[in-house]
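Chain naming here is simple, since letters A, B, ... match the order of the sequence lines and numbering starts at 1 in each.
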There are 2 protein chains.
Amino acid sequence: MATGRTHRPATRSRGIPEATVARLPLYLRALTALSERSVPTVSSEELATAAGVNSAKLRKDFSYLGSYGTRGVGYDVEYLVYQISRELGLTQDWPVVIVGVGNLGAALANYGGFASRGFRVAALLDQDPALTGRTVAGMPVSHTDDLERIVTENGVSIGVITIPAGGAQQVCDRLVAAGVTSILNFAPTVLSVPEGVDVRKVDLSIELQILAFHEQRKAGEDATAPADLPAGPHTTPRKGPDGDVPAVMPA
Amino acid sequence: MATGRTHRPATRSRGIPEATVARLPLYLRALTALSERSVPTVSSEELATAAGVNSAKLRKDFSYLGSYGTRGVGYDVEYLVYQISRELGLTQDWPVVIVGVGNLGAALANYGGFASRGFRVAALLDQDPALTGRTVAGMPVSHTDDLERIVTENGVSIGVITIPAGGAQQVCDRLVAAGVTSILNFAPTVLSVPEGVDVRKVDLSIELQILAFHEQRKAGEDATAPADLPAGPHTTPRKGPDGDVPAVMPA
DNA sequence: ATGCCTTTGTGAACGCGTGCACAAAGATGG
DNA sequence: CCATCTTTGTGCACGCGTTCACAAAGGCAT
């Protein structure tokens, strides 16, 4: 969802499809769990089940990384953990700054899933003087004024924005200007960034709205609608059981 | 484990493609902002820019809802806000329970984006006796023991899980048994649910890992690798940078 | 009215992602 | 060493989603 316009060519990074990249962390998590249980090898079927995907898809995903399996046996867990970690860039250290130390920022700072991977919170930043100086998740909160210095000194390339929508673009601009090239945005806003900067967004409200849509549909099927509605003067009625849609015209 | 399996037919709900549904909240947000500025109409081009998408895509998305635009003019903002809200099911009230009142749960409870849409937090639940009885975001925290009662009494159909991975499946099962049919899962686990129950997941760690992948790739291109890899038996490398693909997907 | 200008709505082409189904590869036992 | 059995890796086909490009539709000025 990188915003910056840029009609993105759905780019397949380094030969590995985006969809596959998005699933690698899933496999990694499942593999890590197996590793902790000292399971030596795992079949595509087992691993797929654990990761919640189709086994054929999993095998195809792995095929993009190389042939790391043994036919008739399966995959070596430890080896695969390493390969995926390396592929994702988790074998190196990624200093991260979190801008905005509200509940969400604090939740992230406390989240164990970061440190266990290669992520290290280099700094927590907030604009509120009441927060700066205090300690959250064992780390001191710095003032946003020091953003540029902190990013530069720590070689931070990943920034997390957990402030209200209003100031997000400005903080984003400052992060980018300071050298950050990847941003995880929790603010409900479209961020525009220059070419070469990646933005991923997480919008809690949007997720709920999508659920509401499906929920409504379920309720509608069960109860209400008699399955076919009377007036549908609009575009050629498509196959689907659609219908509904009032004919009222805009002002 | 028999995870949700259910080779979901990429379900096109009610004729509206999933991908379109996922973008409707985006449009709605942009439209709401325009509405607050009392902008009467907007062209697909303007709205697309505001929402961070391609204008052709936006028009096609809207075409699934019906013909709500006026050629030569654009779309009536208020009217479109209403239509999308109705389509998403936001014109009705959705009671929601949040299970797990840690930082993340508290962040969600405080999030204004819910109330402004049709979402109402019916209850905050936590297992920790130290929390139950206390007030978070102006709401009392109830004990998880009361989950079933609260879900039933309030007719809750949407549940949010913000507890550690360990207890997620169990809470999920209880929610489903009590009547919840849509779940937003923040725990880093694959939840298995019966047919008919929707699960969407948000995994903060996964998002960062995806960013790390692209970050590593960028660094590799600039510095290390001689721009073309020796052993690259894979698909032809494409031009443009990054791609996107939400790490949030239907289970 | 008529013609021009703007913007929508959509047919069509294309590319990515998914899943099937099977041949190749390797382990294992006799 | 050979036969058999298991599981990988992948060619292929199909469907969804995206984008282009343009005809149709409506507003507006003359």
Side-chain angles (χ1 to χ4, degrees), chain A residues 1 5-13 15-24 40-49 52-76 79-80 233-240 245 249-251, chain B residues 5-13 15-24 40-49 52-76 79-80 233-240 242-246 249-250:
Chain A
M1 338 222 127
R5 172 98 10 106
T6 315
H7 298 168
R8 130 192 5 255
T11 312
R12 173 174 300 204
S13 316
I16 301 182
E18 262 310 299
T20 295
V21 173
R23 279 188 295 268
L24 290 182
T41 61
V42 65
S43 71
S44 63
E45 195 65 50
E46 293 168 319
L47 185 54
T49 300
V53 303
N54 178 300
S55 72
K57 192 186 296 187
L58 178 142
R59 287 197 300 275
K60 178 145 295 192
D61 283 342
F62 285 176
S63 78
Y64 291 115
L65 308 183
S67 291
Y68 294 149
T70 303
R71 299 180 189 221
V73 176
Y75 299 91
D76 182 273
Y79 187 63
L80 205 46
H234 301 301
T235 45
T236 19
R238 280 219 158 12
K239 41 189 174 172
V245 174
M249 281 295 292
Chain B
R5 178 75 17 88
T6 315
H7 300 167
R8 150 171 346 246
T11 314
R12 173 173 299 204
S13 319
I16 301 182
E18 253 324 287
T20 294
V21 172
R23 281 188 294 268
L24 290 182
T41 61
V42 65
S43 70
S44 63
E45 195 66 49
E46 294 168 318
L47 185 54
T49 300
V53 304
N54 179 300
S55 71
K57 193 185 296 185
L58 178 143
R59 286 198 299 276
K60 179 141 293 195
D61 283 341
F62 285 176
S63 78
Y64 292 113
L65 308 184
S67 291
Y68 294 151
T70 304
R71 299 178 189 226
V73 176
Y75 299 90
D76 182 274
Y79 186 65
L80 205 46
H234 304 298
T235 46
T236 25
R238 273 208 164 25
K239 42 186 173 174
D242 98 302
D244 100 14
V245 165
M249 47 194 111

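The closest donor-acceptor contact from the side chain of Thr70(A) to the backbone of Val73(A) lies at 3.5 Å or more, if one exists at all.
Both Gly72(A) and Ser44(B) lie near DNA chain C, and the one whose nearest nucleotide falls closer to the 5' end is Ser44(B).
dG15(C) atom P lies 16 Å from atom CG of Asn54(B), rounded to whole Å. For Glu46(A) and dT6(D), the CD to C1' distance is 12 Å, given to the nearest whole Å. The CG atom of Asp61(A) sits 13 Å away from the C1' atom of dT10(D) (whole-angstrom rounding). Between the CG atom of Leu65(A) and the P atom of dT8(D) there is a distance of 15 Å, rounded to whole Å. When the P atom of dC12(D) is taken as reference, atom NZ of Lys57(A) falls 22 Å away, rounded to whole Å. As a whole-Å value, the separation of Asp76(A) CG from dT7(D) C1' is 15 Å. Between Glu45(A) atom CD and dT7(D) atom C1' there is a gap of 10 Å when expressed in whole angstrom units. One atom, CG of Leu58(A), and another, P of dG19(C), lie 12 Å apart when rounded to the nearest Å.
Phe62(B) is listed as a side-chain neighbour of Leu47(B), based on a closest heavy-atom distance under 4.5 Å. Leu24(A) places a side-chain heavy atom less than 4.5 Å from the side chain of Leu65(A).
Here the two rings, on Tyr75(A) and Tyr68(A), have centers that are 6.0 Å apart or farther.
In this model, the phosphate group of dT7(C) is not approached by any side-chain N or O of Ser43(B) to a distance below 4.0 Å at OP1 or OP2. Side-chain N/O atoms of Arg59(B) include none lying less than 4.0 angstrom from OP1 or OP2 on dG11(C). For Thr70(A) and dG26(C), the shortest distance from a side-chain N or O to OP1 or OP2 is not below 4.0 Å.
In this structure, the nucleotide among dG17(C), dG9(C), dT19(D) sitting nearest to the side chain of Ala19(A) is dG17(C).
When heavy atoms are screened at a 4.0 angstrom cut-off, Tyr75(A) is found touching the sugar-phosphate backbone but no base atom.
Side-chain to base pairing of Arg71(A) with dT8(D): one donor and one acceptor N or O lie within less than 3.5 Å of each other. Side-chain atoms of Lys60(A) stay outside donor-acceptor range of the base of dT18(C), with no qualifying N/O pair under 3.5 Å.
Side chains of Asp76(A) and Thr41(A): a donor-acceptor N/O pair is absent below 3.5 angstrom, by distance only.
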